[in-house]
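Report on the following structure.
Computation of the quantities below employed the complete heavy-atom set of this structure, encompassing side-chain atoms and omitting hydrogens, waters and symmetry-equivalent molecules.
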Amino acid sequence: MMIKEIRDKTTLPWDLLLNADPDLARVASYITDARIFVYQSDQAAIIGILVLAALPEAGEFEIMIVSVSPKHFRQGIGKSMLNHVIANLRAADKTANIWIKTGDLTEDAIALYQSVGFEIVETVKDYFIDNYAEPIYEHGERLRHQVVMKLR
């Protein structure tokens with residue numbers, strides 16, 4: 001198993017990307033300029049993906065997507081990818097601000113992000129109602145609010 005950055009964006013695992021953000025147009029809008037990290041199994045299958053975007057402000061980054069194949073949940077893959085990317089960013093810029101956003105109902109994701117040092121700094125009310133044409137459901141409940149988290 002290994003984590004690597006990929007530069008060829010012609011054969012991305014769209015199933016994993018859209019599992020994290022179901023809005024194809026939205027993902028396509030930031031994927032071109034983003035850095036893509038994948039977690040590959042011993043058989044070279046991509047079972048995890050992390051998308052990192054540099055924000056317009058110098059030293060500001062947002063992790064746009066962390067997605068792991070459902071067959072591989074709870075095996076430490078998401079945490080490994082987060083730790084890898086955070087370590088690389090911190091090595092290049094110790095003062096970099098790193099952000100991640102998720103739905104307020106995604107309790108497992110929030111717990112994962114907190115476990116690597118992110119803390120909730122804001123909740124954007126009705127974000128998913130106002131910004132997504134199709135409703136998104138998490139555990140049978142409609143997702144409404146976005147949680148904004150910053151790495152300590």
Side-chain angles (χ1 to χ4, degrees), residues 1 3-6 9-41 45-57 59-90 96-152:
M1 310 257 188
I3 299 169
K4 70 176 188 177
E5 185 171 0
I6 58 171
K9 297 178 183 170
T10 58
T11 58
L12 293 172
W14 282 97
D15 56 331
L16 288 176
L17 292 167
L18 295 176
N19 189 40
D21 185 342
D23 188 327
L24 177 62
R26 184 182 302 271
V27 175
S29 74
Y30 59 73
I31 203 88
T32 307
D33 296 325
R35 294 176 65 189
I36 313 281
F37 296 85
V38 295
Y39 192 102
Q40 289 184 304
S41 70
I46 294 174
I47 56 176
I49 189 165
L50 185 148
V51 178
L52 176 71
L55 299 176
E57 304 83 14
E60 300 278 328
F61 300 89
E62 182 177 344
I63 297 171
M64 306 297 289
I65 288 179
V66 178
S67 183
V68 174
S69 168
K71 291 190 311 192
H72 297 91
F73 280 178
R74 301 208 172 280
Q75 295 177 20
I77 294 168
K79 190 170 192 170
S80 293
M81 290 188 302
L82 284 163
N83 284 329
H84 177 85
V85 168
I86 290 166
N88 284 344
L89 283 175
R90 291 287 194 220
N97 287 316
I98 306 168
W99 303 86
I100 196 162
K101 301 172 184 174
T102 192
D104 67 333
L105 300 177
T106 59
E107 294 162 358
D108 290 345
I110 292 169
L112 169 63
Y113 304 151
Q114 288 173 327
S115 78
V116 298
F118 284 91
E119 60 188 0
I120 297 171
V121 295
E122 182 183 2
T123 299
V124 181
K125 300 289 184 204
D126 290 330
Y127 177 86
F128 292 97
I129 304 290
D130 297 340
N131 292 284
Y132 283 78
E134 297 295 321
I136 301 171
Y137 292 90
E138 223 21 82
H139 310 297
E141 189 176 342
R142 185 164 185 191
L143 192 57
R144 299 177 56 94
H145 312 302
Q146 181 187 65
V147 174
V148 179
M149 305 179 79
K150 183 178 181 183
L151 191 65
R152 292 191 292 274

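- For the pair Lys79 (side chain) and Val116 (backbone), a donor-acceptor distance under 3.5 Å is absent.
- In this structure, the side chains of Leu16 and Ile65 stay at 4.5 Å or more apart for every pair of heavy atoms.
- Residues Val66 and Ala20 share a closest heavy-atom pair of O-CB, 4.2 Å.
- Within the 4.5 Å cutoff, no side-chain heavy atoms of Ile63 are placed close to those of Phe37.
- Of all the heavy atoms in Pro13 and Ile46, the pair that sits closest is CG-CG2, 3.8 Å.
- Two residues are said to be in side-chain contact when any heavy atoms from C-beta on lie closer than 4.5 Å; Asp21 and Met64 fail this criterion.
- Atom OH in Tyr137 sits 12.0 Å away from atom CG in Leu105 (nearest 0.5 Å).
- Rounded to the nearest 0.5 angstrom, Ile98 CD1 and Leu82 CG are separated by 10.0 Å.
- Smallest separation of non-hydrogen atoms from Tyr39 and Ser80: CE1-CB, 4.2 Å.
- Looking only at side-chain heavy atoms (C-beta outward), Lys150 and Asn97 come within less than 4.5 Å of each other.
- Of the possible polar contacts, one joining the Arg90 side chain to the Ala96 backbone as a donor-acceptor pair under 3.5 Å is found.
- Side-chain atoms of His145 and Asp126, non-hydrogen and from C-beta on, do get closer than 4.5 Å to each other.
- The main-chain N or O of Asn131 is found under 3.5 Å from a side-chain atom of Arg26 such that the two form a donor-acceptor pair.
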- Task: Walk me through it: do Leu89 and Leu151 pass the test side chain to side chain contact (heavy atoms under 4.5 Å, CB included)?
- Result: CA-CA 12 Å; Leu89 283 175; Leu151 191 65; over 6 Å; no
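- Residues Ala109 and Thr102 approach most closely at CB-OG1, 4.1 Å, considering heavy atoms.
- Atom CD of Glu134 sits in a sparse spot, with 12 or fewer heavy atoms from other residues, nucleotides or ligands closer than 6.0 Å.
- Counting heavy atoms from C-beta on, the side chains of His84 and Leu50 never come closer than 4.5 Å.
- When side chains are defined from C-beta on, Ile47 does not count as touching Lys71, because their heavy atoms never get closer than 4.5 Å.
- Expressed to the nearest 0.5 Å, how far CD of Glu141 lies from CG of Asp104 amounts to 8.0 Å.
- Taking each heavy atom of Ile136 and Phe128 in turn, the nearest pair found is CD1-CD2, 4.0 Å.
- Note that CG of Asp15 and OG of Ser69 are 7.5 Å apart. Values are rounded to the nearest 0.5 Å.
- Interatomic distance, CD1 of Ile49 versus CD1 of Ile31, reported as 6.0 Å (0.5 Å rounding).
- For CD of Glu107, the number of neighbouring non-hydrogen atoms (other residues, nucleotides, ligands) closer than 6.0 Å is 12 at most.
- Contact of the Trp99 side chain with the Leu55 side chain is registered, since non-hydrogen atoms from C-beta on lie closer than 4.5 Å.
- From Ile3, atom CD1 reaches atom CD1 of Ile77 across 9.0 Å, with rounding to the nearest 0.5 Å.
- Shown here for Val147 and Met149, the closest heavy-atom pair between the two residues is CG1-CG, 3.7 Å.
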